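Scroll down for the structure; my scribbles are underneath it.
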Amino acid sequence: MTSGHESCVVELREERSRKWLCVLLLNLSLVLLMAEIPIWGQQERKVTQLAGGVYAIEHEPNGNTTVIIGDRQVFVVDSCFLPSAAREDISQIRKWTDKPVSFVLNTHFHNDHNLGNRIYMDAFPAVTIIAQVETKKDMDMFGPGSLSREQTTKSVIQQMLSSGKGPDGKALSEDDKKQLKDALVQQEAVIAELKDLKFQSATLTFEHDFSIDLGNREVQIKYLGRGNTTGDAVVYLPKEKVLITGDLVVEPIPYFYDGYPVEWVQTLQDLAALDADSIVPGHGPIMHDKTYIYLERDLIKSAVDQMNEKLRQAGPALSQNLDDVKGTVDLTPYRPRFAGDNKDLGAIFDDETSHLLKLVFEESSLR
């Protein structure tokens, strides 16, 4: 069992290794940050009451889930990844209330936030599963292939263990092998859970904002713009001042494997304009002020501004090479603000900001 900053590192290591483990074909070093990660069957789970009838469930390594109970109905934000985690959440909800879960909102298409949809549908056949229009398109494209990708990841690990070499051709150390064996155990557990799971997409889509009255409890569903994905949805409870962000906000290090940096800055600015006392990120602990949202916004804006200045001097991105311009962008002042003096978090920050610069450059290339 870990705690504090160490727990955040553990969760980030495992989440990134699961979602992006195929990247180890290109970069083994990031994968081998997985030392001492918990096995999937030993997930940590923390429940926090944010207001009367409003609960946040932090899953490690699944994304966070929020449960909102009204006088008539229950609204759930993000159904998480593993079926077993979704079942545990449903069991908990039934202890809190005998009211049905009538709505499940998927904040974005990443499957660690929506593969549990099928479990909710089975438990509550009348449930409506909501997603922004673009999110449903991406869910329908990528969701059905989730098991296949996990099986591919397992094969990649097995191949490396069998050859004794990493993707760079260098021999694996004994520590490398141990960590990859741990990762293999996790993959086998994931595959066992997903092998009989039928993918369930959204059944209702929206384009912009709308509200639902659960019975003396207003739930506002908002689309503030692109950021982490094309269809990031957020949920806001104006009376309770609770804000649920999805992966627009991830703590302690944001995810930058995909996204729209220029628009992400404005989306975070608009997100921070909402009056909230409790903020539930896509991953990480509950926040009670907007300091981290502004920090994430400033990091992305700095990357965009510095890249634009370099391209202003050198010429349009379409005539440049990423390697020629990224060296002039310095995000190291932000490193201690996200990672402190934790070397593992620092390594993750370096990797994520490298991906951020790639995203910024690719966006600039589209001009």
Side-chain angles (χ1 to χ4, degrees), residues 11 14-22 34 37-45 57-67 74 76-95 100-131 135-159 161 180-205 246-247 282-283:
E11 181 181 2
E14 182 164 348
E15 178 60 22
R16 282 164 167 76
S17 65
R18 188 196 63 75
K19 290 178 72 174
W20 309 109
L21 194 50
C22 288
M34 297 187 302
I37 52 181
I39 300 303
W40 277 94
Q42 301 171 344
Q43 297 176 85
E44 294 184 35
R45 186 173 181 275
I57 306 174
E58 299 171 49
H59 309 92
E60 295 185 11
N62 282 262
N64 293 335
T65 293
T66 305
V67 179
V74 179
V76 172
V77 184
D78 284 338
S79 58
C80 67
F81 178 67
L82 289 180
S84 58
R87 292 188 185 99
E88 186 174 9
D89 290 351
I90 290 170
S91 177
Q92 178 71 73
I93 291 169
R94 284 175 165 156
K95 293 176 182 178
V101 174
S102 297
F103 306 98
V104 170
L105 174 84
N106 299 144
T107 56
H108 59 293
F109 78 90
H110 295 164
N111 64 9
D112 56 320
H113 294 259
N114 56 57
L115 275 192
N117 286 355
R118 182 74 249 173
I119 309 305
Y120 279 88
M121 183 70 78
D122 290 343
F124 305 97
V127 69
T128 297
I129 300 175
I130 306 168
T135 288
K136 177 173 168 55
K137 291 178 183 178
D138 288 337
M139 286 171 62
D140 291 346
M141 180 180 295
F142 298 111
S146 294
L147 175 59
S148 176
R149 289 192 298 275
E150 298 296 341
Q151 290 170 329
T152 297
T153 297
K154 176 183 174 181
S155 295
V156 169
I157 300 171
Q158 289 175 322
Q159 289 167 10
L161 286 171
L180 286 171
K181 288 177 182 178
D182 289 342
L184 183 60
V185 171
Q186 294 180 43
Q187 284 305 116
E188 290 172 342
V190 170
I191 290 168
E193 287 222 33
L194 299 188
K195 65 180 181 179
D196 296 320
L197 181 69
K198 181 180 178 182
F199 174 71
Q200 176 61 57
S201 188
T203 60
L204 175 69
T205 61
D247 282 2
H283 298 260

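The model shown is predicted, which means the values in this text are computed figures rather than measured ones. Sequence positions, counted from 1, serve as the residue numbers for this chain.
The OG atom of Ser79 lies 10.0 Å from the CG atom of Asn111; values are rounded to the nearest 0.5 Å. In this structure, OG1 in Thr152 is found 9.5 Å from CG in Leu147, a value given to the nearest 0.5 Å. The CG atom of Leu105 sits 9.5 Å away from atom CG of Asn117, with the distance rounded to the nearest 0.5 Å. Taking CG of Leu180 as the start and CD of Gln158 as the end, the distance is 11.5 Å to the nearest 0.5 Å. The line from CE of Met121 to OG of Ser201 is 9.5 Å long, rounded to the nearest 0.5 Å.
The two residues Ala86 and Tyr120 make their nearest non-hydrogen contact at CB-CE1, 4.2 Å. Between Phe103 and Val127, the shortest heavy-atom contact is N-CG2, 3.8 Å. The two atoms that bring Asp78 and Thr65 nearest to each other are O-OG1, 2.8 Å, heavy atoms only. The heavy-atom pair separating Ser84 from Glu193 by the smallest distance is OG-OE2, 2.6 Å. When all heavy atoms are compared, the tightest approach of Lys154 to Ile191 is CD-CD1, 3.7 Å. Nearest heavy atoms, Leu197 versus Leu115: CD2-O, 3.6 Å.
Listed for the Gln187 side chain is a donor-acceptor partner under 3.5 Å among the backbone atoms of Glu150. Proximity of a side-chain donor or acceptor of Lys136 to a complementary backbone N or O of Ala202 within less than 3.5 Å is detected. Side chain of Ser91 to main chain of Arg87: no donor-acceptor pair is present (N/O by atom type, distance under 3.5 Å, no hydrogens or angles). At least one donor-acceptor pair closer than 3.5 Å links the side chain of Thr203 to the backbone N or O of Ile129. A donor-acceptor pair under 3.5 Å is absent between the side-chain atoms of Asn106 and the main chain of Ala131, judged by distance alone. In terms of modelled atom types and a separation under 3.5 Å, the side chain of Asn114 and the main chain of Phe109 share a donor-acceptor contact. Between the side chain of Arg45 and the backbone N or O of Ala85, no donor-acceptor pair lies under 3.5 Å.
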> Does the side-chain contact (heavy atoms from CB on, under 4.5 Å) test come out yes or no for Leu82 and His59, once each step is laid out?
Replying inline: CA-CA 10 Å; Leu82 289 180; His59 309 92; over 6 Å; no

> Stepwise, does the side-chain contact (heavy atoms from CB on, under 4.5 Å) test hold for Thr107 with Asp247?
Replying inline: CA-CA 8 Å; Thr107 56; Asp247 282 2; 5.9 Å; no

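Considering only heavy atoms from C-beta on, Phe199 comes within 4.5 Å of Met139 through its side chain.
Under the 30°/60° scheme for interplanar angles, the aromatic rings of His113 and His108 are found to be tilted.
Partner of Ile57 under the side chain to side chain contact (heavy atoms under 4.5 Å, CB included) criterion, chosen from Ile93, Val67, Val76, Asn64: Val67.
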